[in-house]
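In what follows, every heavy atom counts, from backbone to side chain, and hydrogens, waters and symmetry copies are set aside. In what follows, chains carry the letters A, B, and so on, assigned in the order in which the sequence lines appear, proteins first and then strands, with residues in each chain numbered from 1.
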Protein chains: 2
Amino acid sequence: MTPSDDALGERITEAEHAVMEVLWDRPRQTAADVCEEVCTARGWSLATVKTLLSRLVQKGALAAEPDGRRFLYTPTIAREAYVGGESRRLVDRLFGGSAASLVAHLAETEALTEDDLAEIEALLKELRP
Amino acid sequence: MTPSDDALGERITEAEHAVMEVLWDRPRQTAADVCEEVCTARGWSLATVKTLLSRLVQKGALAAEPDGRRFLYTPTIAREAYVGGESRRLVDRLFGGSAASLVAHLAETEALTEDDLAEIEALLKELRP
DNA sequence: TCGCTATGACTACAGGTGTAATCACAAACC
DNA sequence: GGTTTGTGATTACACCTGTAGTCATAGCGA
């Protein structure tokens with residue numbers, strides 16, 4: 001039953017993801033707005049952002065709501081769903097589907113700071129009273 | 001100081017990763033050996049495996065040790081390192097670098113079974129006596 | 001010795017990706 | 001009304017990826 005299949009057939013690429021983040025953070029922005037937030041950071045031109053927006057609309061990841069002669073772009077998929085899908089993909093690919101293995105790995109390779117560990121511990125207490 | 005740059009300049013792709021797994025599992029195999037293990041599973045021809053092996057050697061992810069007229073391929077990077085790099089990339093990209101956020105997400109989306117949680121709890125006890 | 005065969009090297013090629021220029025055109029301004 | 005300007009659409013193009021075919025050639029078997 002292939003769990004957690006994200007609704008889009010097409011995958012979102014790295015560059016596209018950067019655009020998605022901007023729109024998850026604040027939906028209904030124009031191409032120029034999005035550019036304002038990522039162009040300098042990633043060294044992109046407005047044209048690049050426009051291309052990425054178009055592709056994301058084609059892929060069904062964004063909705064383009066007409067607003068005069070331009071569009072306001074809004075994600076059609078929740079960030080939660082995307083993040084969940086990507087996480088699952090990683091866990092499946094690298095940890096044989098076991099999320100616990102991932103956590104174990106992070107712990108063993110010191111990827112978890114003391115604060116992380118404390119936070120996780122608190123989480124666990126909450127989840128298993 | 002661009003943190004956690006894995007030793008290879010080039011990224012390993014999905015298809016290449018499948019080949020790497022075979023060689024991590026058992027190093028020093030020939031192209032034919034590797035094909036034996038993945039070709040049917042992925043519907044590949046031997047030629048495809050050869051291409052992937054070549055690209056991985058070029059990328060510095062594999063070493064090719066001459067053995068008569070053929071090569072024995074062996075990973076130059078440890079699976080641990082690769083897995084660590086990929087995990088970190090995901091955490092950086094999707095969870096703002098916070099591994100705890102990833103764990104929280106997995107927990108919240110029910111990606112963690114009761115067994116997973118128990119396992120993690122045990123891990124934590126070990127890590128923070 | 002001489003052809004067969006296994007093997008890496010090289011070539012191919014369509015589709016995806018990153019990055020952008022150009023075009024058409026409607027709105028805004030003068 | 002004519003010009004500038006902001007905008008999406010279209011086109012471009014090099015590189016990466018998946019997938020594989022062809023070629024040269026060094027051994028192996030007869």
**Student:** Rounding to a whole Å, what distance do you find between B:E16:CD and D:dT17:P?
**Tutor:** 6 Å
**Student:** Please work out if A:T51 contacts a base, only the sugar-phosphate, or nothing of the nucleic acid, heavy-atom cut-off 4.0 Å.
**Tutor:** base
**Student:** Any Lys/Arg nitrogen of B:E14 or A:R93 sitting under 4.0 Å from an Asp/Glu carboxylate oxygen of the other?
**Tutor:** yes
**Student:** In terms of side-chain geometry, is the basic nitrogen of A:E21 or A:R79 positioned less than 4.0 Å from the acidic oxygen of its partner?
**Tutor:** yes
**Student:** Both A:E14 and A:K50 contact DNA chain C. Taking the nearest nucleotide for each, which residue is further toward the 5' end?
**Tutor:** A:E14
**Student:** Check DNA chain C against residues 40-49 of chain A and give the residues with a non-hydrogen atom under 4.0 Å, in numerical order.
**Tutor:** A:G43, A:W44, A:S45, A:A47, A:T48
**Student:** In the 5'-to-3' direction, what one-character label does each nucleotide of nucleotides 23-28 of chain D receive under the scheme B = base within less than 4.0 Å of a protein heavy atom, S = sugar-phosphate only, - = no such atom?
**Tutor:** ----SS
**Student:** Nearest whole Å is fine: how far is C:dG16 P from A:H17 NE2?
**Tutor:** 21 Å
**Student:** Can you see which heavy atom on A:P27 is nearest to which on A:T74, and at what distance?
**Tutor:** CB-CG2, 3.8 Å
**Student:** For A:F95, enumerate each residue passing the ring-ring contact (aromatic ring centres under 6.0 Å, His included) test, keeping only those at least two apart in sequence or located in another chain.
**Tutor:** A:H105
**Student:** Checking contacts here: which listed nucleotide (D:dG18, C:dG8, D:dA9) is nearest the side-chain heavy atoms of A:F71?
**Tutor:** D:dA9
**Student:** Counting N and O atoms only, with roles assigned by atom type, does the side chain of A:T76 sit under 3.5 Å from a partner on the main chain of A:A61, one being a donor and the other an acceptor?
**Tutor:** yes
**Student:** From C:dT7, D:dG8, C:dG18, pick the nucleotide closest to the side chain of B:A32?
**Tutor:** C:dT7
**Student:** Going by heavy atoms in the side chains, are B:E37 and B:R26 under 4.5 Å from each other?
**Tutor:** yes
**Student:** Strictly below 4.0 Å, N to O, side chains only: are B:R70 and B:D67 in salt-bridge contact?
**Tutor:** yes
**Student:** Atom CG of B:L52 to atom P of C:dA9: distance rounded to whole Å?
**Tutor:** 14 Å
**Student:** What I want to check is whether an N or O donor and acceptor connect the side chain of A:R55 with the base of C:dT19 at under 3.5 Å.
**Tutor:** yes
**Student:** Taking only the side-chain heavy atoms of B:K59 (C-beta and beyond), determine which of D:dT7, D:dA9, D:dT17 contains the nearest atom.
**Tutor:** D:dT17
**Student:** Could you tell me how far apart B:D33 (CG) and C:dA6 (P) are, to the nearest whole angstrom?
**Tutor:** 14 Å
**Student:** Can you find a pair of side-chain heavy atoms, one from A:L52 and one from A:V49, that are under 4.5 Å apart?
**Tutor:** no
**Student:** For the pair made of CG in A:L53 and P in D:dG6, what is the distance, rounded to whole Å?
**Tutor:** 18 Å
**Student:** Separation of B:E10 atom CD from D:dC16 atom P, in whole Å?
**Tutor:** 7 Å
**Student:** Would one find a side-chain N or O of A:S54 under 4.0 angstrom from OP1 or OP2 of D:dG8?
**Tutor:** no
**Student:** Which whole-number value in Å describes the distance from B:Q58 CD to C:dT11 C1'?
**Tutor:** 13 Å
**Student:** Would you say the side-chain atoms of A:T51 pair up with the backbone N or O of A:A47, donor to acceptor, closer than 3.5 Å?
**Tutor:** yes
**Student:** Grab the CD1-P distance between A:I12 and C:dG18 for me, whole Å please.
**Tutor:** 12 Å
**Student:** Name the nucleic acid region contacted by B:A64, choosing base, sugar-phosphate or nothing; use a 4.0 angstrom heavy-atom cut-off, strictly under.
**Tutor:** nothing
**Student:** How long is the gap from CD on B:Q29 to SG on B:C35, to the nearest 0.5 Å?
**Tutor:** 11.5 Å
